[in-house]
Amino acid sequence: MNYDIRTRDASAGDAEALLALYDFLSSDNERCPLELAKTNISKIYQIDGSAVLLGEINGEALTTCTLIVVPNLSRGGRPYAVIENVVTHPDHRGKGLGKAILDAACARAWRNECYKVMLSTGSTRPAILSFYESAGFEQSRTGFQKRRLPKRQEESS
């Protein structure tokens with residue numbers, strides 16, 4: 001099927017729709033207070049090239065991701081980008097929305113001269129890993145993290 005997917009920069013006015021999507025990130029995701037979400041959206045745009053991207057069909061917010069462009073001192077000073085909080089409404093998965101939002105994020109990163117785009121997932125579910133590979137990402141590095149907060153349920157399984 002052909003879906004008319006529109007991707008755009010989210011604004012503070014989209015905070016409620018974004019928070020509703022983030023409810024699908026994981027069962028134990030703590031919801032951000034609305035006013036803090038609006039403030040944080042504005043803060044993200046203060047980092048050159050960074051954005052909260054939103055994918056819609058017929059004006060309904062159905063997918064999102066956050067792209068942060070990080071200034072860099074190596075690679076000739078070219079920045080790199082990190083994608084976080086990738087989520088698509090469960091009722092609309094498998095329609096190309098997630099790939100469209102990741103494509104939009106990568107296009108923004110390339111426009112900002114990033115030499116790479118990174119994302120990580122705590123999921124080990126084959127469908128999730130296959131999705132990222134089908135979107136052009138390769139599982140090529142060993143990642144480490146140190147958390148202040150406990151790991152999510154899915155990450156520990």
Side-chain angles (χ1 to χ4, degrees), residues 1-47 49-70 80-109 112 114 117-139 141 143-157:
M1 286 187 189
N2 186 15
Y3 294 93
D4 185 19
I5 301 167
R6 176 179 175 240
T7 59
R8 65 175 178 85
D9 288 6
S11 69
D14 295 307
E16 288 185 50
L18 289 165
L19 294 175
L21 282 173
Y22 295 149
D23 286 343
F24 299 111
L25 274 173
S26 68
S27 61
D28 62 346
N29 181 48
E30 180 182 351
R31 192 178 252 242
C32 182
L34 181 60
E35 290 307 311
L36 180 57
K38 290 177 181 180
T39 297
N40 286 346
I41 290 167
S42 297
K43 285 181 179 179
I44 288 168
Y45 286 100
Q46 292 174 11
I47 305 166
S50 300
V52 178
L53 298 169
L54 188 60
E56 304 172 315
I57 295 178
N58 298 325
E60 183 180 359
L62 299 175
T63 189
T64 186
C65 73
T66 300
L67 177 79
I68 302 297
V69 174
V70 181
Y80 60 92
V82 178
I83 294 176
E84 185 61 66
N85 294 331
V86 179
V87 64
T88 298
H89 191 290
D91 294 344
H92 297 274
R93 292 180 181 159
K95 298 178 181 179
L97 279 81
K99 186 174 182 314
I101 206 72
L102 289 174
D103 286 348
C106 289
R108 179 183 291 259
N112 282 275
C114 292
V117 177
M118 300 182 296
L119 65 79
S120 66
T121 179
S123 178
T124 57
R125 293 180 13 216
I128 301 279
L129 302 179
S130 177
F131 162 70
Y132 286 124
E133 287 177 351
S134 73
F137 290 83
E138 66 178 81
Q139 194 173 7
R141 301 267 178 159
F144 294 90
Q145 60 180 323
K146 189 172 187 178
R147 288 183 169 257
R148 180 176 176 196
L149 300 175
K151 291 168 102 175
R152 295 188 330 217
Q153 292 292 1
E154 183 181 75
E155 292 174 340
S156 60
S157 59

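Model, not experiment: these values are computed from the prediction. Keep in mind that the numbers below use all heavy atoms, side chains included, and drop hydrogens, waters and symmetry copies.
- Closest non-hydrogen pair, Asp103 versus Ala135, comes out as OD1-O, 4.4 Å.
- Between Leu97 atom CG and Leu102 atom CG the span is 11.0 Å, to the nearest 0.5 Å.
- Every pair tested for ring pair (Phe, Tyr, Trp, His ring centres under 6.0 Å) that includes a residue from residues 27-47 fails, sequence neighbours excluded, so the list is empty.
- In this structure, OG on Ser120 lies 13.0 Å from CZ on Phe144, to the nearest 0.5 angstrom.
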Considering only distance and modelled atom types, tabulate donor-acceptor pairs under 3.5 Å from the side chains of residues 83-91, sequence neighbours left out.
{"from": "Thr88", "atom 1": "OG1", "to": "Thr63", "atom 2": "OG1", "distance (Å)": "2.8"}
{"from": "His89", "atom 1": "ND1", "to": "Asp91", "atom 2": "N", "distance (Å)": "3.0"}

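- Ile41 CD1 to Leu36 CG: the interatomic distance, rounded to the nearest 0.5 Å, is 10.0 Å.
- The distance from atom OG of Ser123 to atom CZ of Phe131, rounded to the nearest 0.5 Å, is 11.5 Å.
- Using a distance-only test at 3.5 Å, with no hydrogens or angles considered, a donor-acceptor pair links the side chain of Thr64 to the main chain of Leu53.
- Between Leu67 and Ala105 the shortest heavy-atom distance is CD2-O, 3.5 Å.
- Closest of all the heavy-atom pairs between Gly55 and Ile101 is N-CD1, 3.5 Å.
- The two residues Asp9 and Ala51 make their nearest non-hydrogen contact at OD1-CB, 4.2 Å.
- Minimum heavy-atom separation, Cys106 to Phe137: SG-CZ, 3.7 Å.
- The environment of CD in Glu16 is sparse: at most 12 heavy-atom neighbours from other residues, nucleotides or ligands sit within 6.0 Å.
- Rounding to the nearest 0.5 Å places SG of Cys114 at 11.0 Å from CD1 of Ile68.
- For Asp14 (side chain) and Ser11 (main-chain N/O), a donor-acceptor pair under 3.5 Å exists by modelled atom type.
- Take Arg31 and apply the side chain to side chain donor-acceptor pair (under 3.5 Å) test, not counting sequence neighbours, and it matches Asp23.
- Taken to the nearest 0.5 Å, the CZ atom of Arg93 stands 11.0 Å off from the CG atom of Leu62.
- The two residues Ala10 and Leu54 have their closest heavy-atom pair at CB-CB, 4.2 Å.
- The backbone N or O of Val69 sits less than 3.5 Å from a side-chain atom of Ser50, completing a donor-acceptor pair.
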